[in-house]
Amino acid sequence: EYKDGRMTFVDTSDPAFRKGVAVQAYSNKLYILDSENSQIWRYIRRRDKFDAAEAYNINADLKNGISLTIDGSIYVLNKDGSITKLFSGNKEEFPIKRQPVNALTNPTKIFTELDMKAIYVLEPSEKRVLVYLKDDKTGGATYNNQFIFDDISDLRDVYVDKDTNKMYLMDGSKIYTVNL
């Protein structure tokens, strides 16, 4: 935990945190995507530690999950580029209108936040970030556009600051800023 300019370790009531392929903090909770067991483990923060892990996923197949993001709902990005949406542990329909001309083949990260109107998907092999607009009526999304970064190799992560309307991209040694 990074707090007041200091790094400290925070334990869990479990003997150790569960293993996973991705982790995301939301409110006072920590979520770990465990694709091997098709589960999302939820840890609730107490004063000086986290409670024991709780199984969050009730009915979704998460065996191909590689990344997750949270805006109240949890979105899991799968290896094939599909997105699984969960709310209160239950899988929800997530229809996507329109698709990019070049379909996703090797995405690695998904990003959104509460009060954000879009979902961003990073595909380093194609040097691009795809943008899907959330659709409150259907609970799904609509493909909107993509950003291609021909001059950046080894893309590793994406973050969007909704307050400054900037996208941050990370490669093996630098962080790039893009005005949206």
Closest contact, heavy atoms only, [X] versus [Y]:
{"X": "Ala60", "Y": "Ser38", "value": "O-OG, 3.4 Å"}
{"X": "Asp34", "Y": "Asn37", "value": "OD2-ND2, 2.7 Å"}
{"X": "Phe94", "Y": "Gly139", "value": "CD1-O, 3.3 Å"}
{"X": "Ala52", "Y": "Ser13", "value": "N-CB, 3.7 Å"}
{"X": "Leu30", "Y": "Phe50", "value": "CB-CE2, 3.9 Å"}
{"X": "Ile32", "Y": "Arg18", "value": "CD1-O, 3.6 Å"}

Between [atom1] of [X] and [atom2] of [Y], what distance do you get to the nearest 0.5 Å?
{"X": "Glu92", "Y": "Lys85", "atom1": "CD", "atom2": "NZ", "result": "5.0 Å"}
{"X": "Thr69", "Y": "Met116", "atom1": "OG1", "atom2": "CE", "result": "8.5 Å"}
{"X": "Tyr26", "Y": "Glu113", "atom1": "OH", "atom2": "CD", "result": "9.5 Å"}
{"X": "Trp41", "Y": "Asp14", "atom1": "CH2", "atom2": "CG", "result": "9.0 Å"}
{"X": "Ser173", "Y": "Arg156", "atom1": "OG", "atom2": "CZ", "result": "8.5 Å"}
{"X": "Leu77", "Y": "Ser67", "atom1": "CG", "atom2": "OG", "result": "5.5 Å"}

Report summary line: side chain to side chain contact (heavy atoms under 4.5 Å, CB included) test vs Val76 passes for just one of Leu86, Asn64, Ile66, Asp61, namely Leu86
Requested in this report: Flag the pair Tyr43 / Phe17 as yes when their ring centroid distance falls below 6.0 Å, and as no otherwise.
Outcome: yes
Are more than 12 heavy atoms from other residues, nucleotides or ligands located less than 6.0 Å from atom [atom1] of [X]?
{"X": "Lys162", "atom1": "NZ", "result": "yes"}
{"X": "Glu36", "atom1": "CD", "result": "no"}
{"X": "Asn59", "atom1": "CG", "result": "yes"}

Taking the side chain as every heavy atom from C-beta outward, state whether [X] and [Y] have any pair of such atoms under 4.5 Å apart.
{"X": "Pro100", "Y": "Leu130", "value": "yes"}
{"X": "Asp171", "Y": "Ser153", "value": "no"}
{"X": "Ile148", "Y": "Arg128", "value": "yes"}
{"X": "Tyr75", "Y": "Ile70", "value": "no"}
{"X": "Asp157", "Y": "Leu169", "value": "no"}
{"X": "Glu123", "Y": "Asn106", "value": "yes"}
{"X": "Tyr2", "Y": "Thr8", "value": "no"}
{"X": "Tyr31", "Y": "Ile74", "value": "yes"}

Requested in this report: Tell me, with the steps shown, if Lys134 and Asp136 meet salt bridge (Lys or Arg N to Asp or Glu O under 4.0 Å).
Outcome: CA-CA 6 Å; Lys134 296 177 189 174; Asp136 293 335; over 6 Å; no
Would you call [X] and [Y] a salt bridge, taking side-chain N to carboxylate O under 4.0 Å as the test?
{"X": "Lys97", "Y": "Asp135", "answer": "yes"}
{"X": "Asp51", "Y": "Arg46", "answer": "yes"}
{"X": "Glu1", "Y": "Arg45", "answer": "yes"}

According to a hydrophobic-cluster definition based on side-chain heavy atoms being under 4.5 Å apart (Ile, Leu, Val, Met, Phe, Trp, Tyr only), do [X] and [Y] belong together?
{"X": "Ile58", "Y": "Ile40", "answer": "no"}
{"X": "Tyr56", "Y": "Leu33", "answer": "yes"}
{"X": "Val21", "Y": "Met170", "answer": "no"}
{"X": "Val131", "Y": "Ile110", "answer": "no"}
{"X": "Val160", "Y": "Ile119", "answer": "no"}

Report task. Using the ring-ring contact (aromatic ring centres under 6.0 Å, His included) rule, take Tyr176 and Phe149 through it: C-alpha gap first, then chi angles, then the decisive distance, then the call. Result -> CA-CA 10 Å; Tyr176 301 88; Phe149 304 96; 8.2 Å; no
**Report entry** Exercise: do Thr84 and Asn78 side chains pair donor with acceptor under 3.5 Å
**Finding:** yes
Query raised in the report: If you measure only the distance, is there a donor-acceptor pair under 3.5 Å linking the side chains of Ser88 and Asn90?
Result: no
Report task. Could you check Tyr159 against Phe111 for ring-ring contact (aromatic ring centres under 6.0 Å, His included), going step by step and ending with a plain yes or no? Result -> CA-CA 7 Å; Tyr159 172 82; Phe111 181 82; 5.1 Å; yes
Report task. Give the C-alpha distance, both sets of side-chain angles, the deciding distance and a yes or no for side chain to side chain contact (heavy atoms under 4.5 Å, CB included) between Met167 and Val129. Result -> CA-CA 10 Å; Met167 178 188 315; Val129 175; 4.0 Å; yes
Report task. Before giving the answer on side chain to side chain contact (heavy atoms under 4.5 Å, CB included), spell out for Leu122 and Leu155 the whole-Å C-alpha distance, their side-chain angles and the decisive distance to 0.1 Å. Result -> CA-CA 8 Å; Leu122 176 66; Leu155 282 170; 4.1 Å; yes
